[in-house]
Amino acid sequence: MRYHLEKSLQELKDEIGRLGGMVEESLDKTFLALQTMDEALARDVIIHDDAIDHAESNIEKKCLSLFALQQPLARDLRMIGSTLKMITDLERIADHAADISELILRLAPKPQAIHPDIFRMAEKARNMVGRSIDAFINQDMETARAVCRDDDAVDQLFNELVMHIATQIKSGDRSVEQLIDIMFIVKYLERIGDHATNICEWVVYNETGMHQHLQHPQENLEETQQD
Amino acid sequence: MQKEISKKKIVVKDLNLFYGEFHALKAINMDIYEGEVTALIGPSGCGKSTFLKTLNRMNDLVEHVRVTGSITLDGNEILSDVDVVALRKRVGMVFQKPNPFPMSIYDNVAYGPRIHGIKKKSQLDEIVEKSLRAAALWDEVSDRLSKSALGISGGQQQRLCIARTLATEPEVLLMDEPTSALDPISTSKIEELCETLKKNYTIVIVTHNMQQAGRISDRTAFFLLGELVEYDLTERIFHRPRNEKTERYITGRFG
């Protein structure tokens with residue numbers, strides 16, 4: 001039995017769990033800051049982003065070292081390869097939390113009503129992220145596929161909100177600068193959903209050995225099953 | 001990746017082999033493709049070397065051996081009455097340990113052609129040079145062809161054995177762990193050689209080195225307890241094997 005490799009793989013999963021926890025905390029703080037226009041909290045998220053980058057870089061080093069020293073194959077190869085890919089998505093999610101926090105700092109001095117659908121979208125994206133991390137650690141294909149399906153709802157909210165914001169800009173009732181900032185927040189939320197979907201695609205890859213885009217699940221699920 | 005058109009060089013059907021009562025190969029079915037490197041992997045005693053030896057009837061030399069089934073080379077049965085010397089000329093073998101004959105480098109390579117009746121010096125010179133070049137050894141030994149083959153390094157000796165095999169112009173090269181006694185540099189030379197040689201030969205190699213199978217082979221066959229458990233493109237086997245036993249073996253979780 002490859003005791004050392006087994007142990008390293010378990011450590012890797014633990015570290016993904018820790019990194020995932022940090023990213024989730026960033027998202028929670030960001031969304032709370034968005035609701036309350038809490039500048040201190042937003043600043044905290046921005047400062048904390050360095051620690052997340054550092055944790056991601058540590059996992060990356062471990063993966064590369066396992067490739068070099070353990071020459072993993074089959075299941076092990078897929079697990080380490082997909083870890084290397086999914087941590088980039090986790091790190092990007094944290095980046096987007098920091099990006100949103102930057103926008104909160106700009107919006108906070110003149111707070112205005114935020115459309116409730118933005119909070120709904122944030123909640124859905126946050127939920128997708130949490131489940132994608134769990135699905136990765138537990139190798140849960142069903143959850144992974146469900147998360148990919150949920151991305152459609154996030155995309156739909158994104159489209160509706162963009163239309164809504166565009167209408168507001170046209171009406172000239174509110175500051176265009178603020179509306180553009182809010183538009184960016186909506187875009188970042190949509191990207192967070194995409195990154196959660198990416199993570200889930202790596203869960204499916206771990207099991208099937210095939211990496212496919214699952215954002216339009218109805219078409220792609222059949223292809224996966226053919227394998 | 002799978003080639004467009006791969007010709008089946010060797011077709012094995014329902015091959016069973018018994019050493020006395022011991023059932024060493026069980027109903028093996030396998031197609032070996034021309035111009036490819038096929039790796040045979042599996043734990044010691046799984047039957048992979050035995051299988052390799054059936055491909056040029058080397059098992060005939062073992063007592064109480066019984067073989068059933070069929071093996072065809074270019075469509076012609078080789079298990080029934082064939083001239084085994086002629087067969088072994090077409091299907092050459094390189095062994096685990098370099099085994100140069102205790103004679104000069106030149107004579108080692110010229111040995112086979114001489115047996116097959118070539119006597120003319122100029123013709124032998126040509127074959128020796130061509131074979132040593134093909135085995136990527138010419139540049140290292142061209143100035144000492146008359147020296148004893150036992151005086152060169154292990155890696156060079158193994159390439160000499162490959163040159164000796166190539167001298168009889170085989171179509172298929174069987175290699176039984178050809179690098180297990182060699183250092184990494186010599187190993188990589190043999191591996192590069194496989195890559196070059198497969199353009200003109202069909203290569204079947206037994207290896208215990210999983211990474212080696214990954215590096216050099218197009219297809220990999222996994223043997224276990226005399227059975228062919230899984231046979232597929234190497235990329236597929238090492239990335240996502242279909243069989244759980246293969247998975248456990250190549251990830252080092254067997255036993």
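Residue numbers start from 1 in every chain, and the chains themselves are labelled A, B, ... in the order their sequence lines are given, proteins ahead of strands. Both backbone and side-chain heavy atoms feed into the values below; hydrogens, waters and symmetry mates do not.
- Taking 4.5 Å as the heavy-atom cut-off, none of the residues of residues 14-30 of chain A approach chain B.
- In the displayed structure, Lys26(B) atom NZ is contacted under 6.0 Å by more than 12 heavy atoms of other residues, nucleotides or ligands.
- Among residues 67-75 of chain A, the residues having any heavy atom closer than 4.5 Å to a heavy atom of chain B are, in sequence order, Gln71(A), Leu73(A), Ala74(A), Arg75(A).
- More than 12 heavy atoms of other residues, nucleotides or ligands lie within 6.0 Å of OH in Tyr19(B), so this atom counts as buried by the packing criterion.
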Go through the steps for Glu247(B) and Asp76(A) under the test side-chain contact (heavy atoms from CB on, under 4.5 Å), then give the verdict.
CA-CA 10 Å; Glu247(B) 170 96 36; Asp76(A) 304 331; 5.9 Å; no
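- Annotation for Lys124(A): atom NZ does not count as buried by contact number, only 12 or fewer foreign heavy atoms lying within 6.0 Å.
- Residue-environment remark: CD1 (Ile185(B)) stays at or below the threshold of 12 foreign heavy atoms within 6.0 Å.
- In this structure, Glu123(A) places its CD atom where only 12 or fewer heavy-atom neighbours from other residues, nucleotides or ligands lie under 6.0 Å away.
- Atoms OH and NE2, from Tyr205(A) and His239(B) in turn, are 2.5 Å apart once rounded to the nearest 0.5 Å.
- No more than 12 heavy atoms of other residues, nucleotides or ligands lie within 6.0 Å of CD in Glu142(A), so this atom counts as exposed by the packing criterion.
- Arg92(A) pairs by the side chain to side chain contact (heavy atoms under 4.5 Å, CB included) definition with Thr88(A), Asp95(A), His195(A), not counting sequence neighbours.
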Please evaluate residues Glu6(A) and Arg253(B) with respect to the criterion side-chain contact (heavy atoms from CB on, under 4.5 Å), reporting the C-alpha separation (whole Å), side-chain torsions for both, the decisive distance (0.1 Å), and the verdict.
CA-CA 10 Å; Glu6(A) 291 274 9; Arg253(B) 289 183 176 79; 2.6 Å; yes
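- Evaluation of the side chain to side chain contact (heavy atoms under 4.5 Å, CB included) rule for Asp232(B) yields Arg236(B), Ile237(B), Arg242(B) as partners, not counting sequence neighbours.
- In this structure, Arg78(A) CZ and Thr251(B) OG1 are separated by 10.0 Å, a value rounded to the nearest 0.5 Å.
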